[in-house]
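In this chain, residues are counted from 1 in sequence order.
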Amino acid sequence: ITTIEHLAFTGSEKLESIVIPPKVVEIADHTFYGCFALSSVSLPDGLTKIGDLAFSQCSLSTIKLPDSLTFIGTRAFDFNEKLASIEIPDSVTHLGNFAFTDCYMLHSVKLPTGITSIPDEAFRACWNLKNLVVPEGVTEVGRLSFGDCQSLRSLTLPNSLRKIGE
């Protein structure tokens with residue numbers, strides 16, 4: 001298989017871990033939505049797309065995103081309340097709105113150099129996020145991208161930035 005289809009495991013409340021097969025290049029929308037016990041996911045090299053709400057409302061504390069990934073959908077990882085850190089590979093050129101909203105324990109984020117905008121509410125309510133560097137090349141930071149990040153102490157913005165919020 002090359003795609004794990006829409007709604008394939010939605011609501012599988014007892015699913016704790018999954019290893020995605022090596023030939024999968026796309027995880028479609030809502031694939032693991034509401035898998036409240038899902039705490040361990042192994043993603044294959046070659047995966048290019050994680051769809052909207054794909055891992056929303058899971059219990060991931062860590063996840064390694066492959067260097068082949070180019071697309072992270074809207075709300076792809078929102079409400080992963082235990083997610084502590086995320087390193088988004090430089091290959092990612094699309095980051096969806098609300099992608100990591102309400103990841104309350106998120107304290108460390110490495111943003112990719114391939115994006116030109118941080119979308120609306122991408123990291124809203126990441127209460128433990130303390131420091132963030134927005135990479136050079138980003139021209140726009142969306143509305144409430146870092147809203148309600150109560151612990152944010154240091155934010156470095158690039159010279160390329162042209163627009164913040166709206």
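Side-chain atoms of Met105 and Glu81, non-hydrogen and from C-beta on, never get closer than 4.5 Å to each other. A 4.5 Å side-chain heavy-atom check between Cys149 and Cys126 finds at least one atom pair inside the cut-off. Contact of the Asp78 side chain with the Leu53 side chain is registered, since non-hydrogen atoms from C-beta on lie closer than 4.5 Å. Side-chain contact check for Ile72 versus Leu65: some heavy-atom pair is nearer than 4.5 Å. Residues Thr10 and Gln57 fail the side-chain proximity criterion, which asks for heavy atoms closer than 4.5 Å. Side-chain contact between Asp67 and Asp45 is absent, with no heavy atoms from C-beta onward closer than 4.5 Å. Counting only heavy atoms from C-beta outward, the side chains of Phe32 and Ile50 never approach each other to under 4.5 Å. Between Asn80 and Ile63, every side-chain heavy-atom pair lies at or beyond the 4.5 Å cut-off.
At least one donor-acceptor pair closer than 3.5 Å links the side chain of Ser68 to the backbone N or O of Leu47.
The environment of Lys23 atom NZ is sparse: at most 12 non-hydrogen atoms of other residues, nucleotides or ligands sit within 6.0 angstrom. Atom OH of Tyr33 is surrounded by 12 or fewer heavy atoms from other residues, nucleotides or ligands within 6.0 Å. Counting non-hydrogen atoms of other residues, nucleotides and ligands closer than 6.0 Å to CD of Glu136 gives a total above 12.
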Next item on the list: Give the intermediate values and the outcome of salt bridge (Lys or Arg N to Asp or Glu O under 4.0 Å) for residues Asp29 and Arg75.
Entry: CA-CA 10 Å; Asp29 299 347; Arg75 295 191 182 274; over 6 Å; no
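With salt bridges taken as basic N to acidic carboxylate O contacts below 4.0 Å, one links Arg143 and Glu121.
Phe123 pairs in a side-chain contact (heavy atoms from CB on, under 4.5 Å) with only one of the listed residues (Leu111, Asp148, Leu152), which is Leu111.
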